[in-house]
There are 2 protein chains.
Amino acid sequence: MPPRTYHHPDAEEIAIPRVLFALSEPLRLNMVRKLAAQGETDSIDLGPDLPRSTLTHHTSLLRESGVVFVRAEGRKCMIKLRDEDLEARFPGLLGTVLTGYESADVDGEEAGA
Amino acid sequence: MPPRTYHHPDAEEIAIPRVLFALSEPLRLNMVRKLAAQGETDSIDLGPDLPRSTLTHHTSLLRESGVVFVRAEGRKCMIKLRDEDLEARFPGLLGTVLTGYESADVDGEEAGA
DNA sequence: ATCATAGTTCGACAATTCTCGCACGATCAA
DNA sequence: TTGATCGTGCGAGAATTGTCGAACTATGAT
């Protein structure tokens, strides 16, 4: 049985509306924030308190929108940001969003990430 | 009878998730694109083919998320981007999104804006 | 082989969001 | 005043999205 594989859009296929939508969800934005701070991360660390199926849902959405790259590692699931692809396609976007997010009213949340 | 008035969030109240959500809709992103190119614009120019109630819906959403400023002028409705507020709060965001949008597969659409 | 763990898929339900017709009030022109 | 135009609010229905339990597969350890 082949290990789990995941489909990822090519860099050129990444579309701004989908990326913005993916980042517009607080839960997912928090996941992206962690990924930016920690680099490649075990999926479960992105939402330890979430039901697994919910976590898969959001991870898949981030993957299909081109925001993250997902890779199976044993039983686990490693996630990393597609920094370079996003930077090539939408220069500055990710940094701007994360910077703006930091300066806002975040950090008080534990319920999602 | 007082002329129509509109509520706008203060600059500090503008939240990134809401802004990203507002911009994640192709219709609205197109409206914002026009506003960036033309400056203050008659609302009807933002969606000449849309039913009025649909146009009001999207305009209100952009306004409530802090992306645009709306002002009544006679019977009409003038819309402009809140460039400065957005720049102050999320430096570079708007420019990055619009630049990335331009470089993508847009322009072929007439059905929304 | 057995068991526990991790992730996926499916299905159902709740919550949002989108679209748009319609009635209404406001504005301007004649 | 009459009539045309514009925006708004309401309401309903469609479509999308979010949440999560349950069953299933794969992996790793005992």
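Please read all numbers here as calculations on a predicted model, not as lab measurements. Any value given below was found using the heavy atoms of this structure, including those in side chains, with hydrogens, waters and symmetry copies removed. First the proteins, then the strands, lettered A, B, ... as listed; each starts at 1.
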Asker: Could you note down all residue pairs passing salt bridge (charged side-chain N to carboxylate O under 4.0 Å, His left out) where residues 10-24 of chain B supplies at least one of them, sequence neighbours left out?
Answerer: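 Non-adjacent pairs meeting salt bridge (charged side-chain N to carboxylate O under 4.0 Å, His left out): zero.
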Asker: Need one value for B:L55: base, sugar-phosphate or nothing, where a base atom within 4.0 Å counts as base even if backbone is also close, heavy atoms only.
Answerer: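 The answer is nothing, as B:L55 stays clear of every strand by at least 4.0 Å.
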Asker: Within the structure, does a side-chain N or O atom of B:R28 lie under 4.0 Å from either OP1 or OP2 of C:dC18?
Answerer: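 Indeed, a polar side-chain atom of B:R28 lies that close.
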Asker: To the nearest 0.5 Å, what is the distance between CG (B:L81) and CG (B:L86)?
Answerer: 7.5 Å
Asker: Which residue lies toward the 5' end of DNA chain C, A:S43 or B:E25, if each is placed at its nearest nucleotide?
Answerer: A:S43
Asker: What about B:S53: does its side chain form a donor-acceptor pair under 3.5 Å with the base of C:dG21?
Answerer: yes
Asker: Does a side-chain N or O of A:H58 approach OP1 or OP2 of D:dT17 to a distance below 4.0 Å, or not?
Answerer: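 Looking at the OP1 and OP2 atoms of D:dT17, neither is under 4.0 Å from any side-chain N or O of A:H58.
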Asker: Which of these nucleotides, D:dT27, C:dT19, D:dT8, is closest to any side-chain atom of A:R75?
Answerer: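 In terms of side-chain proximity for A:R75, the closest of D:dT27, C:dT19, D:dT8 is D:dT27.
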Asker: Side chain of A:L61 only, please: which of C:dC18, C:dG7, D:dG18 is the nearest?
Answerer: D:dG18
Asker: Could you pull out every donor-acceptor pair under 3.5 Å between side chains of residues 66-79 of chain B and any protein atom, sequence neighbours left out?
Answerer:
{"residue": "B:R71", "atom": "NE", "partner": "B:E40", "partner atom": "OE2", "Å": "3.0"}
{"residue": "B:R71", "atom": "NH1", "partner": "B:E73", "partner atom": "OE1", "Å": "2.5"}
{"residue": "B:R71", "atom": "NH2", "partner": "B:E40", "partner atom": "OE1", "Å": "2.9"}
{"residue": "B:R71", "atom": "NH2", "partner": "B:E40", "partner atom": "OE2", "Å": "3.0"}
{"residue": "B:K76", "atom": "NZ", "partner": "B:D42", "partner atom": "OD2", "Å": "3.4"}

Asker: Please round to the nearest 0.5 Å and tell me the distance separating atom OG of A:S43 and atom CG of A:L55.
Answerer: 5.0 Å
Asker: Quick check on D:dT8: is either OP1 or OP2 less than 4.0 Å from any side-chain nitrogen or oxygen of B:Y6?
Answerer: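 Yes, within the criterion.
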Asker: Kindly point out which of D:dG7, C:dC20, C:dC18 is positioned nearest to the side chain of B:F21?
Answerer: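 Output: C:dC18.
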